[in-house]
Visitor: 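I have a structure here, written as structure tokens, and I will follow up with some questions on it.
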There are 2 protein chains.
Amino acid sequence: MAGHGTRGRSGRRPTLEEVAARAGVGRGTVSRVINGSPRVSDATRAAVEAAVAELGYVPNTAARALAANRTDSIALVVPEPETRFFAEPYFSEMLRGVGAQLSDTEMQLLLIFAGSDRERRRLAQYLAAHRVDGVLLVSVHADDPLPDLLAQLEIPAVISGPRSERETLPSVDSDNYGGGRSAVEHLIARGRTRIATITGRLDVYGAQRRIDGYRDALRDAGREVDEALIVPGGFTEDGGRRAMTELLGRRPDLDAVFAESDVMAAGARKVLREAGRRIPDDVALVGYDDSAIARHMDPPLTSVRQPIEEMGRAMIDLLLDEIADRRPQVSRSPGRRQVVLPTELVERDSS
Amino acid sequence: MAGHGTRGRSGRRPTLEEVAARAGVGRGTVSRVINGSPRVSDATRAAVEAAVAELGYVPNTAARALAANRTDSIALVVPEPETRFFAEPYFSEMLRGVGAQLSDTEMQLLLIFAGSDRERRRLAQYLAAHRVDGVLLVSVHADDPLPDLLAQLEIPAVISGPRSERETLPSVDSDNYGGGRSAVEHLIARGRTRIATITGRLDVYGAQRRIDGYRDALRDAGREVDEALIVPGGFTEDGGRRAMTELLGRRPDLDAVFAESDVMAAGARKVLREAGRRIPDDVALVGYDDSAIARHMDPPLTSVRQPIEEMGRAMIDLLLDEIADRRPQVSRSPGRRQVVLPTELVERDSS
DNA sequence: ACGTAGTGTGGGAGCGCTCCCACAAGTGAT
DNA sequence: ATCACTTGTGGGAGCGCTCCCACACTACGT
């Protein structure tokens, strides 16, 4: 219970200076050992390490940040409200990936909400103060001023879900095109002939890509694309419901629906059920996101899974690269860094 | 585009000293203005504020932390894996509450995962270094050493979901007892006579309280508690399934089930369906958590809603109090601070 | 013998704040 | 006029690091 690497639970914490005294070396040497510099003899290093262990020394981050002018922390900015980001699979899975990848480093993770105006002003202050070494951006709209602000302040940033095909920021995305495509190919393989799609918000790049996948899958299978079978659902359940109603009115003979989110699929399912269509017998249904809703739907919903956790990991990798690149003022980033990760179709009973 | 509160987008940021020079005052005075001390004349304050605005001054957090020996940040510790915490309503809602309440302050939020051993060691280092002013603990098991560590280090902490009825830490909880009670009272009011319950993990205090509520609701209605109608489901879907199967075997004539989580309700629902029981006609079903699963179930599931966002807010309130109380070494906390927030029964079609 | 490179190492300077002591100036009682 | 406060202000000291220059000391050439 006594001392032994704990040294006065309530007393002052030991400083570099004290470790140096204990080890019989200078302050600079201890600093070198702590920071893993190679320019230290083995004997000295061992002595310092012993002193560190005996005193239970832990570096003072604030002092380090002040002296070295870096914070060793990155921020995950959540453009909060009403975003799909807060929905089930995204948030927790991405965080899991981010956390896992970060646990190998000394970096800490800050969570910043930028929903309200107040929060956004606060964020701007925050960034202006350079309180983080880098920023992770998620589900940012095309017209959001945040990326520009970051560029202006020269703060490294990585975005998940690029805003367009010519995203300037390093980005991580899942293969929305491939995801849409695989869903439709699956339906075709199952013998469906009149395949509709309920799309997401058309101002979201990823949603567009899913539609592209839908179109190309049909074309490549030699099918004609019937524009009447493409209806927007805005990523909401209610939107899905309305879209499905619309579709049933336009093309009563459809036999499959690809909803570009599980939530919209849930809405569509209700309408189908009310219309007396059986799933999957009369109409096959495929969703997107592989959320809890999909797993618990009746029947369980076939859905496109995105590797969200991996995306989180990839974002951290990119960001750390970006930060490292900027440290010595030489060698700018070689070029754009865009990562696209594959999706996976999870087949269940709805198709 | 020029200067004007932005001052060299890539140049050094202005310091207190520079603001002081600009305003024609001393360093101390600027510090006082920045920190809202009342001991500054109005004229001086105005001059300083003008200088701050002109230079676009933002305090350097690291320097402040070093000099004042506080970090202005708190950590939310997530004892990651397999926790129910990461499931739908909890994580995002609690974070929303925490974030909202924090946005009124200068405090920043750190997210720390403490799932693996490695992460836990890192966390211990982190706390030993006093890198946060306070800690938010969520879904901690009764035998977790973390609370003791925090006490030893004298780091203020608040726990959500007390570990037992004599939790020593300040805590925030929802009224699990009342929640369980209201679910059962609702079923009684609906004329159900043989009401079973599928419980959570028995080592979780909150789960116990829900069972207490179940028991008391029956007793107070003059019913007898049939122990055979109480089966543990461990908070998993599979557990819910097994428990339901067991229940059907023991008491084929039951006409209502209170599942102490939506996930278990989903498992129970499947078994009921396979057994040919109609919901709610033959068997009424009530869940707990009011998650997406409940909203999207077929039929939509009556469920007990916890005010998770408010819980997050309350946790921050408690923690900030705790931190403030500890600053001047006088006046210890007057006593235990335990907050219990009411739940709400959300009635849907399953009951 | 005398450079001429390395290696290790010590410690001064300084990062940008807060804390607090010293002190000037004003206010009101005696 | 004197004393005792109160109010406002300036600036020294110091928080615990990193950076970097200066200085041994060694090990080779020549």
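Quick note on labels: first sequence line is chain A, next is B, and so on, each numbered from 1.
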Visitor: For B/Leu66 and A/Ala68, take the nucleotide of DNA chain D holding the closest heavy atom to each; which residue's nucleotide lies nearer the 5' end?
Guide: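 So the residue in question is B/Leu66.
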
Visitor: Measuring from the side chain of B/Ser41 (C-beta onward, heavy atoms only), which nucleotide among D/dT9, C/dG8, D/dG16 has the closest atom?
Guide: D/dT9

Visitor: If you only use heavy atoms from C-beta on, which nucleotide in C/dT7, D/dT9, C/dT18 is closest to the side chain of A/Arg39?
Guide: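 Among the listed nucleotides, the one closest to the side chain of A/Arg39 is C/dT7.
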
Visitor: Can you tell me the distance, in whole Å, between the CG atom of B/Leu16 and the C1' atom of D/dG12?
Guide: 15 Å

Visitor: I'd like to know if the side chain of A/Glu309 reaches the main chain of A/Ala100, judged simply by a donor and an acceptor atom lying under 3.5 Å from each other, with no hydrogens or angles considered.
Guide: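 No, the answer is negative, given that no donor and acceptor are paired below the 3.5 Å cut-off.
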
Visitor: Is A/Asp133 reaching over with its side chain to a backbone N or O of A/Ile74, donor-acceptor style, under 3.5 angstrom?
Guide: no

Visitor: Which of these nucleotides, D/dC17, C/dT9, C/dC17, is closest to any side-chain atom of B/Ala63?
Guide: C/dC17

Visitor: Do you know which two heavy atoms are closest between A/Gly97 and A/Arg313, and how far apart they sit?
Guide: O-CG, 3.7 Å

Visitor: Ignoring hydrogens, what is the shortest heavy-atom contact between A/Glu18 and A/Arg13? Give both atom names and the distance.
Guide: OE1-O, 4.5 Å

Visitor: Rounding to an integer number of Å, can you tell me how far A/Ile34 CD1 sits from D/dT18 C1'?
Guide: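 About 13 Å, once rounded to whole Å.
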
Visitor: Side-chain contact test, heavy atoms from C-beta onward, threshold under 4.5 Å: evaluate it for B/Ile316 versus B/Met107 and give yes or no.
Guide: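 Answer no - side chains too far apart.
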
Visitor: Please classify the nucleic acid contact of B/Thr61 as base, sugar-phosphate, or nothing, using heavy-atom distances under 4.0 Å.
Guide: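 No contact at all - B/Thr61 keeps every heavy atom at 4.0 Å or more from the nucleic acid.
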
Visitor: Whole angstrom is fine here: how far is it from CG in B/Asp42 over to P in D/dT7?
Guide: 14 Å

Visitor: Keeping to residues at least two apart or across chains, list the salt bridge (Lys or Arg N to Asp or Glu O under 4.0 Å) pairs with something in residues 135-145 of chain B.
Guide: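 Listed once each, the pairs are B/Arg120-B/Asp144.
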
Visitor: Does OP1 or OP2 of D/dC15 have a side-chain N or O of A/Asn60 closer than 4.0 Å?
Guide: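 Answer no for this pair, as no side-chain N or O of A/Asn60 is under 4.0 Å from OP1 or OP2.
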
Visitor: If I take atom CD in residue A/Glu18 and atom P in nucleotide C/dG11, what distance separates them, rounded to the nearest angstrom?
Guide: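 Atom-to-atom, A/Glu18 to C/dG11, this comes out as 16 Å.
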
Visitor: Please give, in whole Å, the distance from C/dT18 C1' to B/Asn35 CG?
Guide: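 Spelled out: CG on B/Asn35 to C1' on C/dT18 is 8 Å.
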
Visitor: Expressed in angstrom and rounded to an integer, what is the separation of A/Glu17 atom CD from D/dG14 atom C1'?
Guide: 13 Å

Visitor: In whole Å, I'd like the distance from the NE2 atom of B/His130 to the C1' atom of D/dG16.
Guide: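 That distance rounds to 15 Å.
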
Visitor: With rounding to the nearest 0.5 Å, note down the distance linking CD1 in A/Ile112 to CG in A/Leu136.
Guide: 11.0 Å

Visitor: Expressed in angstrom and rounded to an integer, what is the separation of B/Arg45 atom CZ from D/dG8 atom C1'?
Guide: 11 Å

Visitor: Contact list please: residues 19-32 of chain B against DNA chain C, heavy atoms, distance less than 4.0 Å, in numerical order.
Guide: B/Arg27, B/Ser31, B/Arg32

